[in-house]
Amino acid sequence: MSATSAPAPQHGMTWLGAIVEDGFTETLQDGLSRSRFGRARQTTGTAHPGLPADGRDPAAGPVRTDRDGRDDHVWAERRRLAREVHDELGTALSTAAHHIELHAAETGGTPHLDAARHSLREAMAVARRLTGELQAQTVLPPLAQAVGEFAATTRPPGTEVRIRTTGDERLLSDVCRRELFLAVREALHNAFHHAHADRVTVTLRFTRRWAHAGIVDDGVGFDADAVLVPGHRAPGLRSMTDRIEDVGGRLLIVSGPAGGTHIDVHLPLRPRK
């Protein structure tokens, strides 16, 4: 090939793609786009093309909001982004680094290859950091600890809270653990601020087939049959019930004007057939 017909030097993504091939650049660009999109949505609320102004996918279903302002969609989105940054972007970067090492071994290396190595190492470090930060934002401590911390910061003075736990909660998925915690938290909130209970007992039990939470208080009861009738507005109780039913469990509430409320939550560890 003559000097005049030689291809022009390639730089940036085009040059890297020519070395790595295997659709790497498309995968990397897609991964970077997803990561920028996820961070922008969490910080600025920028919508993705084709989605509503709030950036939510209509197929994701209704949004439930926690009492501290964080909604279920944000939690699920952080888990999804952590997976995609690790599995898609991280894998693409690792693949690129592997191909560059092979190319360097064949050619003896060039300044361009050395620069590419350095850039990829930095990008892989960023991907690992992002994955770790996103995962840390979705971690729930052991349920007894999480319930105890919530009770310690929200219970009225003089209210006694006892927490008992048996079994191995690691048998329960993270999604189910979170839903169980939020249901227990709502029950405690009601016991503290509506029932004005003096004593609340939370029992957590885990077996190979079921996870169970029992919340018993000695506060002011209510007519459960009237409050829980279809169509009656009881948003807190409705939210608790919806959460547990959405993960295949059941929630029972026993209460009465004479006083005291007993809430039982059962979650199967295996899907129902």
query = Atom CZ of R238 and atom CD of E245: how far apart are they, to the nearest 0.5 Å?
reply = 6.0 Å
query = At their closest point, which heavy atom of G219 faces which heavy atom of D217, and how far apart are they?
reply = N-OD1, 2.9 Å
key: Residue of the set L267, V265, T166, D264 for which side chain to side chain contact (heavy atoms under 4.5 Å, CB included) holds with H212   = D264
Interatomic distance, D198 atom CG to E160 atom CD [nearest 0.5 angstrom] = 9.5 Å
message = E169 and salt bridge (charged side-chain N to carboxylate O under 4.0 Å, His left out): which single residue from R177, R205, R178 fits?
response = R177
inquiry  = Between T261 and F222 (side chain of the first, backbone of the second, donor and acceptor by atom type, cut-off under 3.5 Å), is there such a pair?
reply    = no
Full working for side-chain contact (heavy atoms from CB on, under 4.5 Å) between E77 and L81 = CA-CA 6 Å; E77 187 69 358; L81 285 170; 4.1 Å; yes
Over 12 non-hydrogen atoms of neighbours within 6.0 angstrom of CZ in R164 = no
request  = Using side-chain contact (heavy atoms from CB on, under 4.5 Å) as the criterion, list what pairs up with T154, not counting sequence neighbours.
outcome  = F150, F192
key: Any donor-acceptor N/O pair, T201 side chain to R162 backbone, under 3.5 Å   = no
query = What is the minimum heavy-atom distance between I163 and A144, and which atoms define it?
reply = CD1-O, 4.0 Å
query = According to the salt bridge (charged side-chain N to carboxylate O under 4.0 Å, His left out) rule, which pairs have a member within residues 94-106, sequence neighbours left out?
reply = E101-R117
request  = Give a yes or no on whether V254 and I215 share a hydrophobic cluster (residues Ile, Leu, Val, Met, Phe, Trp, Tyr; joining criterion: side-chain heavy atoms under 4.5 Å apart).
outcome  = no
task = To the nearest 0.5 Å, tell me how far L182 CG sits from L140 CG.
result = 8.0 Å
inquiry  = My understanding is that only residues two or more places apart in sequence, or in another chain, count here; which of them pass ring pair (Phe, Tyr, Trp, His ring centres under 6.0 Å) with H262?
reply    = none
Minimum heavy-atom distance between L269 and A211, given as atom pair plus value = CD1-N, 3.4 Å
